[in-house]
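Note that this is a predicted model, so its numbers are computed, not measured.
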Amino acid sequence: MTKIRLHNSRTRKREDFTPLDPENVRMYVCGPTVYDRAHLGNARPVVVFDVLYRLLRHVYGADHVTYVRNFTDVDDKINARAASMQADGDTRPLNAIVQALTDETIAWYHADMDALGALRPTHEPRATQFITQMIAMIEGLIAKGHAYEVSGHVLFDVRSYPDYGRLSGRSVDDMIAGARVEVAPYKRDPMDFVLWKPSDAALPGWDSPWGRGRPGWHIECSAMSHELLGASFDIHGGGIDLQFPHHENEIAQSCCAFPDAGFARYWLHNEMVQVEGKKMSKSLGNFFTVRDLLDQGIPGEVIRYVVLMTHYRSPMDWTAAKAEEAAQTLFKWRKLTEGVVPANVAQESVLDEIAGDLNTPGALAALHKLETQPRALLFNARLLGLLNDGQGAWYSRRKLFYAANDTLKILLQKRRIAKEEKNFARADWIRDALKKRGISITDMPDGKVKPQTSFDFADAYFDKIEQSERKEVFGDLYKSDGSIDASALVDRYISLVASELLDELERIE
RNA sequence: GGCGAGUUGGCGGAGUGGUUACGCAGCGGAUUGCAAAUCCGUGUACAGGAGUUCGAUUCUCCUACUCGCCUCCA
């Protein structure tokens with residue numbers, strides 16, 4: 001059996017992975033708070049843990065892996081968004097807006113992550129469906145002396161859990177010393193965090209022993225993972241930014257509620273996403289969603305490849321140049337594997353890289369070496385979620401435009417044949433039709449034909465094409481600085497014109 | 001201020017105590033109406049300093065720089 005090795009952030013070491021139960025390997029990954037389109041940073045853990053999910057399914061069998069990724073659909077950010085929609089004229093009650101907003105966002109999320117070729121997890125619980133379990137868990141924590149109620153809030157008492165801070169490697173005292181902690185007057189300790197807080201009549205809320213209220217963020221994941229995976233399970237994943245405080249708090253809650261279970265055994269954290277070398281942020285204006293990229297004509301598969309180009313524990317930089325390199329490689333691979341039946345065994349070179357702490361760049365390198373074996377290439381690329389059926393529409397479109405490159409040659413050949421057959425009307429039609437589109441052809445003394453045009457015609461043609469389609473038609477011509485090579489553009493223009501004329505010629509005949 | 005990660009050839013990006021990463025770009029060649037595509041070949045690297053070692057890009061320490069987290073955040 002393939003030996004899986006994973007970097008466990010809990011121990012800061014690479015460890016052999018041994019599941020609690022090989023018949024049911026269990027993984028929990030923190031999902032999105034649903035109030036807006038998923039951005040690239042949201043997409044990274046989805047892809048990273050999808051690779052791990054696929055690996056586990058490959059090694060232990062597809063029916064022996066349970067993968068849970070939640071939707072946080074109760075949260076102050078959601079309430080704030082709903083309130084601002086109300087302020088913008090939405091007349092529905094706040095609760096109705098929240099419901100509609102979270103439903104819609106989840107549908108978007110599914111569509112966008114599907115486009116990235118990510119498998120749907122086994123369970124995708126919504127936090128609001130597990131309020132009962134959260135309340136039960138909070139009651140248990142109060143009963144055990146790990147939480148206390150004060151002015152309608154229930155707070156976790158961090159001092160009651162000596163290991164608090166272990167995952168993120170900080171002591172409670174250190175945290176207080178350097179942090180800008182919001183110290184609510186009712187907290188026993190500044191680091192105590194909310195398990196339950198009161199909701200006024202307008203906000204979403206549920207009845208509880210502490211009055212009508214809503215859960216704190218951290219308790220959601222503890223309750224859902226417990227309900228769906230049990231008190232102890234194998235892997236817990238998420239972005240490195242969640243390590244503190246979210247995961248720290250999850251551990252505190254779960255380990256205090258179920259002291260003997262041990263909670264999650266392997267903790268995996270992916271690093272953050274940057275854009276053109278800078279942190280992605282709304283203020284820098286380099287903030288974009290997965291949908292933005294898809295709308296620009298960048299296929300989901302290409303986005304996925306770019307994510308896989310960087311090891312998950314390194315910061316990943318999104319650049320246009322990388323996207324084009326990814327598209328180029330995937331185009332080549334799709335061409336090589338077109339119509340090919342995939343092999344049925346994984347290549348050791350690829351599998352070992354994935355199993356070695358998800359070294360996806362290494363796996364991609366191994367795939368390059370399989371280019372001479374299309375069947376193996378196809379099978380192994382699919383281990384990474386690439387080259388799947390149903391994700392190749394972009395390939396077919398791009399291929400059409402590449403194929404257009406041969407068209408001028410064919411068109412001029414038809415003219416030559418027409419001349420040989422003394423069909424001068426047809427030969428002249430070709431020449432004049434080209435001329436009308438700004439392409440003049442000259443018969444050289446040696447019998448060769450030289451097409452000529454000016455950049456203006458190509459440029460005008462380019463302008464005429466809708467922004468959204470340009471990436472498809474000219475995407476491969478972009479240079480890394482975002483400009484297009486002028487002579488390449490002219491060549492492409494000639495090819496496209498020739499292609500159109502060939503079609504027309506066929507219709508005439 | 002506290003904690004942590006990183007610095008590899010033109011670019012991206014793995015990895016290793018001694019042997020070609022890999023891809024893109026470049027260069028040379030084959031093929032070619034010009035290109036594209038394809039194929040073959042090829043150069044360049046391990047931030048700086050000190051130490052450990054027969055030998056360090058790989059281990060240790062120091063310096064410089066970059067980045068992240070500590071506040072909602074994937």
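B:G12 and B:A30 have their C1' atoms separated by 29 Å, with the value rounded to a whole Å. One P atom belongs to B:C69, the other to B:G26, and the distance between them is 37 Å to the nearest Å. Only the P atoms considered, B:U20 is 24 Å distant from B:A25, to the nearest whole Å. Rounded to the nearest Å, the gap between the P atom of B:C54 and that of B:G48 is 24 Å. Using C1' as the reference atom, B:U8 and B:C46 are 4 Å apart when rounded to the nearest Å. If you take atom C1' in B:U7 and the same atom in B:G49, they sit 15 Å apart, rounded to whole Å. Look at the P atom in both B:C11 and B:A45: the space between them is 13 Å, to the nearest Å. Here the separation of B:G4 from B:G10, taken at their C1' atoms, is 31 Å to the nearest Å.
There is a side-chain donor-acceptor pair under 3.5 Å between A:D292 and A:T289. Residues A:E220 and A:T72 bring a donor and an acceptor atom of their side chains to less than 3.5 Å of each other. In this model, no donor atom of one side chain and acceptor atom of the other lie less than 3.5 Å apart for A:H247 and A:H218. A:Q274 and A:W318 share no side-chain donor-acceptor pair at under 3.5 Å. Checked by atom type, the side-chain pair A:D50/A:Y67 shows no donor-acceptor distance below 3.5 Å.
Mapping A:M316 and A:H218 onto RNA chain B via the closest heavy atom, the residue that lands nearer the 5' end is A:M316. Heavy-atom nearest nucleotides on RNA chain B were determined for A:K335 and for A:R44, and the one closer to the 5' end corresponds to A:K335.
Of the residues in residues 111-126 of chain A, none has a non-hydrogen atom less than 4.0 angstrom from any atom of RNA chain B. For RNA chain B, the residues of residues 368-380 of chain A within the heavy-atom distance limit of 4.0 Å (strictly under) are A:H368, A:K369, sorted by number.
When the nucleotides B:C69, B:C67, B:G15 are ranked by their closest atom to the side chain of A:D241, B:C69 comes out on top. Comparing atom distances between the A:A365 side chain and each of B:C22, B:C72, B:A74 picks out B:C22 as nearest. Distance from the side chain of A:P45 is smallest to B:A74 among B:C72, B:G12, B:A74. If you check B:G13, B:G15, B:A74 against the side chain of A:T33, the one that comes closest is B:A74.
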| query | Reading RNA chain B 5' to 3', how would its secondary structure be written in dot-bracket notation, given Watson-Crick and G-U pairs with both distances under 3.5 Å, brackets [ ] for crossing pairs and | for partners on other strands? | reply | (((((((..(((.....[...))).(((((.......)))))....(((((..]....))))))))))))....

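The side chain of A:T310 places an N or O atom within less than 4.0 Å of a non-bridging phosphate oxygen (OP1 or OP2) of B:G13. Distances shorter than 4.0 Å separate none of the side-chain N or O atoms of A:K332 from OP1 or OP2 on B:G23.
In terms of heavy-atom proximity, A:R166 sits nearest to A:R12 at O-NH2, 3.9 Å.
Among the protein residues, A:T319 comes within range of no part of the nucleic acid, since none of its heavy atoms lies under 4.0 Å from any strand. A:E353 comes within 4.0 angstrom of nothing in the nucleic acid, heavy atoms only. Residue contacts for A:M272: at a heavy-atom cut-off of 4.0 Å it reaches a base atom on one of the strands shown. When heavy atoms are screened at a 4.0 angstrom cut-off, A:V273 is found touching base atoms of the nucleic acid. Contact annotation for A:G41: base contact, defined as any heavy-atom pair under 4.0 Å involving a base atom.
Using a 30° and 60° split on the angle between ring planes, A:F263 and A:W267 fall in the tilted class, from 30° to 60°. Ring planes of A:Y395 and A:F331: tilted class, angle from 30 to 60°.
A salt bridge links A:R334 and A:E301; the closest N-O separation between the charged side-chain nitrogens and carboxylate oxygens is under 4.0 Å. Ion pair A:D76/A:K197 flagged as a salt bridge, since at least one NZ, NE, NH1 or NH2 atom sits closer than 4.0 Å to an Asp/Glu carboxylate oxygen.
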Please tabulate, for side-chain N and O atoms in residues 357-368 of chain A, each donor-acceptor pair with protein atoms closer than 3.5 Å (sequence neighbours left out).
{"residue": "A:D357", "atom": "OD1", "partner": "A:H7", "partner atom": "N", "Å": "2.9"}
{"residue": "A:D357", "atom": "OD1", "partner": "A:Y312", "partner atom": "OH", "Å": "2.6"}
{"residue": "A:D357", "atom": "OD2", "partner": "A:R313", "partner atom": "NE", "Å": "3.1"}
{"residue": "A:D357", "atom": "OD2", "partner": "A:R313", "partner atom": "NH2", "Å": "2.9"}
{"residue": "A:N359", "atom": "OD1", "partner": "A:G362", "partner atom": "N", "Å": "3.0"}
{"residue": "A:N359", "atom": "ND2", "partner": "A:E353", "partner atom": "OE1", "Å": "3.0"}
{"residue": "A:T360", "atom": "OG1", "partner": "A:L308", "partner atom": "O", "Å": "2.7"}
{"residue": "A:H368", "atom": "ND1", "partner": "A:E371", "partner atom": "OE2", "Å": "2.9"}

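Remark: P of B:G2 and CZ of A:F244 are 17 Å apart, rounded to the nearest angstrom. In this structure, A:D75 places its CG atom 9 Å from P of B:A74, rounding to the nearest Å. Per the geometry, CG belonging to A:N359 stands 13 Å off C1' belonging to B:U16, to the nearest Å. Going from atom CD of A:Q243 over to atom P of B:C3 covers 15 Å, rounded to whole Å. Between the NE2 atom of A:H311 and the C1' atom of B:U7 there is a distance of 17 Å, given to the nearest Å. The interatomic distance linking A:I78 (CD1) with B:C72 (C1') rounds to 12 Å, in whole Å. As a whole-Å value, the separation of A:E325 CD from B:G13 P is 10 Å. Computed from coordinates, the A:D36 CG to B:C72 C1' distance equals 14 Å when rounded to whole Å.
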Please list each protein N or O that sits under 3.5 Å from an N or O in nucleotides 4-6 of chain B, with the distance.
none

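Between A:T122 and A:Y53, the closest side-chain pair of non-hydrogen atoms falls below 4.5 Å.
For A:H236 and A:Y266, the ring centers sit 6.0 Å or farther from each other. When ring centroids are compared, A:F71 and A:H110 come within the 6.0 Å threshold. Less than 6.0 angstrom separates the ring centroid of A:H153 from the ring centroid of A:Y186.
In this structure A:K369 satisfies the side chain to side chain contact (heavy atoms under 4.5 Å, CB included) test with no other residue, sequence neighbours excluded.
Of the possible polar contacts, one joining the A:S222 side chain to the A:E250 backbone as a donor-acceptor pair under 3.5 Å is found.
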